[in-house]
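First the structure, in the form of structure tokens, and then the observations on it.
Proteins come first, then strands; the chains are lettered A, B, ... in the order of their sequence lines, and each starts at number 1. Here the structure is a predicted model, which means the values were calculated and not measured.
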There are 2 protein chains.
Amino acid sequence: MEEIDRRIVTLLAHDGRMSFTDLARETGLSVSAVHQRVRRLEKRGVVRGYAAIIDHDAVGLPLTAFVSIKPIDPAAPDDAPERLAHLAAIEACHSVAGDESYILKVRVASPVALEDLLQQIRASANVSTRTTVVLSTPYEHRAPHVASEPASDQDRPA
Amino acid sequence: MEEIDRRIVTLLAHDGRMSFTDLARETGLSVSAVHQRVRRLEKRGVVRGYAAIIDHDAVGLPLTAFVSIKPIDPAAPDDAPERLAHLAAIEACHSVAGDESYILKVRVASPVALEDLLQQIRASANVSTRTTVVLSTPYEHRAPHVASEPASDQDRPA
DNA sequence: TATGAAACACGTTGCGT
DNA sequence: ACGCAACGTGTTTCATA
């Protein structure tokens, strides 16, 4: 992936609805050339999708928290992500190095809803939890600074 | 905000490029009615923007980490978010309850780049850092389950 | 991989209800 | 607040280089 693709990715990361016409103007290519490139980036999975960025306060989910989890039985098979996937309040699940095994990012309506969610997490995955409540979010969803590092050839599908 | 708006928000959260035509079909409204509602949701800040979801591995940022920071001098004014905003590797900054003051989510190209970033964070904001490296991400960017809770009247601009 | 043009679909606006 | 219809713009495909 080279210069123009990186520029397209950056532009779309900032405005996922930018038109092909505008992308063409910004890159100096024709509309059909950028169209081709965007479709290729989507097909290769570099662009994985598009999403509206939602104000969680405005939709009744004003409470964000990070929940670190640790298995009660360290010998049991670790399938926590699948066991927790049904809980819609969980926005993200990261496997991490360190004392705990996963960090979950969750969004709920209230402290009581968080309490309820934690019980569901513990019950669903047989884990203990440690919760860090978010007080405010100065910024979030900042677009990546796509520099020069390319995807390796072996990552590229036929 | 009621039923149809919540449905629109959910659909756009899943596919930020969905056409007004498709939104109209899904909601049972006319294209212009949906158009009106989307513009209003944008204007009110319920929909804060649109973004392409990027595969960080494919753009040369395969290393994700959470960096918790704590001021060296607890008496100094806390302006860490502004002091750190210039670092493009920082995707998000959350003020949190607990022992530390902020949790940063960062994306870098390599362990060396992370080491360098941590030095920059410490120097820029006069903080100590505690870093949790992400090993893998089972899921991320899941759309919120927009239930029934409305935005309060006083949140609504004229 | 690029371009330009043609065919088509969509976004956008104004007006009537 | 919604629907309809007209208009302009954006998307998509194709022929060509």
Side-chain angles (χ1 to χ4, degrees), chain A residues 1-55 58-60 146 148-158, chain B residues 1-55 58-60 146 148-158:
Chain A
M1 191 176 61
E2 37 58 87
E3 188 54 32
I4 295 180
D5 280 342
R6 280 185 269 122
R7 178 126 187 77
I8 290 173
V9 166
T10 301
L11 289 164
L12 285 176
H14 279 92
D15 178 5
R17 287 193 85 120
M18 184 174 287
S19 72
F20 292 98
T21 307
D22 288 345
L23 287 171
R25 205 191 327 279
E26 295 285 342
T27 56
L29 264 61
S30 69
V31 173
S32 43
V34 279
H35 185 263
Q36 240 178 139
R37 280 169 179 268
V38 171
R39 289 291 175 256
R40 195 183 54 193
L41 289 167
E42 290 171 355
K43 186 163 152 289
R44 288 185 182 171
V46 179
V47 172
R48 297 175 48 182
Y50 302 88
I53 297 169
I54 303 304
D55 179 348
V59 297
V146 180
S148 53
E149 194 83 1
S152 76
D153 278 345
Q154 71 180 9
D155 289 342
R156 192 186 315 159
Chain B
M1 192 176 61
E2 39 57 85
E3 189 53 32
I4 295 181
D5 279 343
R6 278 185 271 123
R7 178 127 185 77
I8 290 173
V9 166
T10 300
L11 288 164
L12 285 176
H14 279 92
D15 178 6
R17 285 193 85 119
M18 183 174 288
S19 72
F20 292 97
T21 307
D22 288 346
L23 287 171
R25 205 191 326 280
E26 295 284 343
T27 56
L29 263 63
S30 70
V31 173
S32 46
V34 175
H35 185 262
Q36 238 178 141
R37 280 168 179 268
V38 171
R39 289 292 175 255
R40 195 183 53 194
L41 289 166
E42 290 171 355
K43 187 164 152 290
R44 289 186 182 170
V46 179
V47 173
R48 296 174 49 181
Y50 302 89
I53 297 169
I54 304 305
D55 180 348
V59 296
V146 180
S148 54
E149 193 83 1
S152 75
D153 278 344
Q154 72 179 8
D155 289 343
R156 191 187 316 159

Please list each protein N or O that sits under 3.5 Å from an N or O in nucleotides 14-17 of chain D, with the distance.
none

Report yes if a side-chain nitrogen or oxygen of A:His35 is closer than 4.0 Å to either non-bridging phosphate oxygen (OP1 or OP2) of D:dT11; otherwise report no.
no
Please confirm whether the shortest side-chain N or O distance from A:Arg39 to OP1 or OP2 of D:dT11 is below 4.0 Å.
no
Could you report the tightest heavy-atom contact between B:Gly45 and A:Asp55, atom names first, then the distance?
O-CB, 3.2 Å
Looking for any heavy atom pair under 4.0 Å, which part of the strands does B:Ala33 touch: base, sugar-phosphate only, or nothing?
sugar-phosphate
Terminal axes of the helix from C:dT1-D:dA17 to C:dT17-D:dA1 (5 end pairs apiece), angle rounded to 10 degrees, sit apart by 30°
For B:Arg48, salt bridge (charged side-chain N to carboxylate O under 4.0 Å, His left out) partners two or more places apart
none
Could I get the full list of side chain to side chain contact (heavy atoms under 4.5 Å, CB included) partners for [X], not counting sequence neighbours?
X: A:Ala13; answer: A:Ala143, A:Pro144, B:Ile54
X: A:Arg7; answer: A:Leu11, A:Glu26, A:Thr27
X: A:Ser32; answer: A:Ser30
X: A:Arg17; answer: A:Asp15, B:Leu12, B:Phe20, B:Tyr50

Under the side-chain contact (heavy atoms from CB on, under 4.5 Å) test against A:Val46, which residue among A:Ile8, A:Val146, A:Val9 passes?
A:Val9
Thinking salt bridges, do A:Arg37 and A:Glu42 make one under a 4.0 Å N-O criterion?
no
How many whole angstroms separate atom CD of A:Glu42 from atom P of D:dT11?
12 Å
Atom-pair distance (CD on B:Glu2; P on D:dA1), nearest Å:
8 Å
Please tell me which of the listed nucleotides, D:dT11, C:dT1, D:dT12, lies nearest to the side chain of A:Arg37?
C:dT1
For B:Arg40, all residues meeting side chain to side chain donor-acceptor pair (under 3.5 Å), sequence neighbours excluded
B:Asp5
Identify, residue by residue, the members of residues 19-31 of chain B with a heavy atom below 4.0 Å from DNA chain C, and return them in order of residue number, or none.
B:Ser19, B:Phe20, B:Thr21, B:Val31
